[in-house]
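Chain A is the first sequence line, chain B the second, and so forth, proteins listed ahead of strands; every chain is numbered from 1. Quick caveat, the model's predicted, so the values are computed rather than measured. No hydrogens, no waters, no symmetry mates; every other heavy atom, side chains included, goes into these values.
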Number of protein chains: 2
Amino acid sequence: MSQTSKASPRVRRGTNRVTMDDVAARARVSPSSVSLFLRNPEAVSPRIAPRIKQAIDVLGYVPNLLAGSLAAARTRAIGVVVPSLGNAFFSETVAAMQKEFDRHGYQLLLGATDYDAVRETELVRTFLSWSPTALVITGCRHDDATRMLLRQARAPVAEMWELGGEPFDLQVGFSHRAVGETLAAHLYELGAQRIAFAGARMTSDLRARQRCDGLRDWLARKGVDVFVVDLQSGASPTSGGEALAAALDGMPDVQAIACSNDVMALGVLFEAQRRGIDVPAQLAVTGFGDLPFSQVCVPPLTTIQPHAASIGLRIAQELLSQLDTPADENAGAAEPKVVDVGFQLVTRQSSETSRDV
Amino acid sequence: MSQTSKASPRVRRGTNRVTMDDVAARARVSPSSVSLFLRNPEAVSPRIAPRIKQAIDVLGYVPNLLAGSLAAARTRAIGVVVPSLGNAFFSETVAAMQKEFDRHGYQLLLGATDYDAVRETELVRTFLSWSPTALVITGCRHDDATRMLLRQARAPVAEMWELGGEPFDLQVGFSHRAVGETLAAHLYELGAQRIAFAGARMTSDLRARQRCDGLRDWLARKGVDVFVVDLQSGASPTSGGEALAAALDGMPDVQAIACSNDVMALGVLFEAQRRGIDVPAQLAVTGFGDLPFSQVCVPPLTTIQPHAASIGLRIAQELLSQLDTPADENAGAAEPKVVDVGFQLVTRQSSETSRDV
DNA sequence: TTGTAAGCGTTATCAC
DNA sequence: GTGATAACGCTTACAA
């Protein structure tokens, strides 16, 4: 192995793993040639190429990316920061992103903030110390410490799932206010005048709050008041049930309930069924997310499809193309790119008037 | 910055980023003191500590983990390989694992195989070249190439979500056959004699197939035949509906249907409702996963709770404690540890006999 | 306690 | 095309 046989007078720490030097020695070429071969097999003469290849196989050589990255001053790692991995939206985005990055030989460093700003800062700091090729972060509102780190980063920074604020290099997302407004218009057209919004932890989930605000503001302009339920128990079918109870309590004649999430909406549907409330005849229900069950539950759920996978794919594609682009003279000088992937209102029975059915 | 002002005669590539040397210079101490301070602030004298701290803040120093890891010959990265990130089971496990590792300052390198053995091998190879602290992989069946890489790895290897085969260093999971047997016994005790199993892509999802086999074999011993539906469309509520249709087609008098997944089971419930089939009176339905909706859907779903989060947490804990343990003289010589986290049958209305209700 | 300097395993520059 | 050799930025053995 790489161990030199002569005893060094002082420091010496062999990690006896197969190194490039070992390969070079066995193939009887210089380490540079091995390095070259690894990066561009065509570049070495067809005479020594097979020798190198064989040496690699025989020795079971695995390149040390750490050393390589250090020397080259760049990694094949992308840092990704999401609020929660348990959340189906983000895991879908991450899945799509991972797939695309993977195709191009990039690895994902993943971290979750749990909607905690301090954790976010720490994660960004840690990821930066990995010298990542790029950094992907969720949302566009970050505290000052995070913003400063991000600004200093020598890697492109992408924000996802939300548009606005002061973009760094890339934003891929959509307007959550617009989602709220779209739902508001939909329910209003349905003729609903008594409307509730069911959210969970909207103090920290800023995007949910924006959807809520969008809906409320739009309806306010029409003179329709919205009763807002904000549960602290997190979004789940159970909390959906609680939300319906709370809504019926606070607004007994409620005609429509918009949920910040399909999972909660499902809970509302079940609770309504349990209470003998007819959806949509007596109560219209909408969600957000278009999760797999939403098109098959009874009744099928009107919801917003957020294109979670598109966001991940697009982030990867944009970042990748940006990396290929001949490096700009002034790093970070380029205009930030903002991509609105939009969303789609999916109208289903849970919010249809009886005559539409 | 780290740039030396005197022009070097030959090679020189400044990445003009703030280095430890810069911090040392500003604090007027040696680099090693800074290094020491970073790793153990108590170890330096209270006189220079604040100087270093200030220099770090003023300069906005971010340590280069690549250089550090290379020098120390160890990383703070854990490679994690899962079949799919979109799958709620795995994302829950990953979330729990990430949380625990994060608490101890470890980062996650994440990759998805999409149930493809070749991708698995590639991912393992790539992750190994990161010199990870440990490697976590899903399942215990891997092809030869993967096994060889894993065997050579100088990092502990943990397998999750499944037990059996030849464990490397750690296995945390449960028996999927036992799951199938448990469900079989449950349905049998209910009095069901005409039973179907609804799975999806069981050729590649080996764990689903084990659950199916466990159920079928157990019932075979009781003389009960099982009709197996294996859809190629993937597990979803939609495929659940298709599965029910297929089951009714192949076994018109089916009394119970065990689904390889809660999501499919939900589809079955909806389809049954649509067809006017009373669950559980006419048809008992069971799932697997105990997803959030399962306890609130109508009727609530009998299912298996797999302790996805526990698996992730336990993996992290075991690995962490293994890392703290004074390094074994012979790497990999220690006995592999196998942890059966078990699972729980959650009996709900979807499989109760009418008299139990 | 603090400093010195030798690696860690690559990549990249330059001369041949 | 191939090979020396100097970084890359840090950790750590050892001396002071």
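The interatomic distance linking D21(B) (CG) with dT4(C) (P) rounds to 12 Å, in whole Å. Per the geometry, CG belonging to L70(B) stands 17 Å off P belonging to dA6(C), to the nearest Å. One can place CE of M20(A) at 6 Å from C1' of dT10(C), the figure rounded to the nearest angstrom.
In summary, R119(B) and D102(A) engage in a salt bridge, as defined by a charged side-chain N under 4.0 Å from a carboxylate O. With salt bridges taken as basic N to acidic carboxylate O contacts below 4.0 Å, none links D22(A) and R17(A). Salt-bridge annotation for R125(B) and E122(B): absent, with no side-chain N of the basic residue lying under 4.0 Å from a carboxylate O of the acidic one.
D116(A) and T113(A) form no side-chain donor-acceptor contact under 3.5 Å, judged by distance and modelled atom types alone.
Neither OP1 nor OP2 of dG9(D) sits under 4.0 Å from any side-chain N or O of T19(B). Proximity of S33(A) to the phosphate of dG3(D): a side-chain N or O atom is located under 4.0 Å from OP1 or OP2. The shortest distance between the side-chain N/O atoms of S35(B) and the OP1/OP2 oxygens of dT11(D) is below 4.0 Å. Phosphate proximity of dT10(C) to R74(A): absent, as no side-chain N or O sits under 4.0 Å from OP1 or OP2. The phosphate of dT11(C) (OP1 or OP2) has a side-chain N or O of R39(A) nearer than 4.0 angstrom. Residue S30(A) places at least one side-chain N or O closer than 4.0 Å to OP1 or OP2 of dG3(D).
Applying the side chain to side chain contact (heavy atoms under 4.5 Å, CB included) rule to R141(B) yields the partners E162(B), L206(B), Q210(B); only residues at least two apart in sequence or on another chain are considered.
For S32(A) and dA4(D), a side-chain-to-base donor-acceptor distance below 3.5 Å is present, hydrogens and geometry of angles not being considered.
Positionally, the nearest nucleotide of DNA chain C for V44(B) lies more toward the 5' end than for the other of V62(A) and V44(B).
For T138(B) against E120(B), the heavy-atom pair with the smallest separation is O-OE2, 4.3 Å.
Listed by residue number, the members of residues 45-54 of chain A with any heavy atom below 4.0 angstrom from DNA chain D are S45(A), I48(A).
Using cut-offs of 30° and 60° for the angle between ring planes, the W161(A) and F90(A) rings count as perpendicular.
Distances were taken from every side-chain heavy atom of A67(A) (C-beta onward) to each of dT10(C), dT2(C), dC10(D); the shortest belongs to dT10(C).
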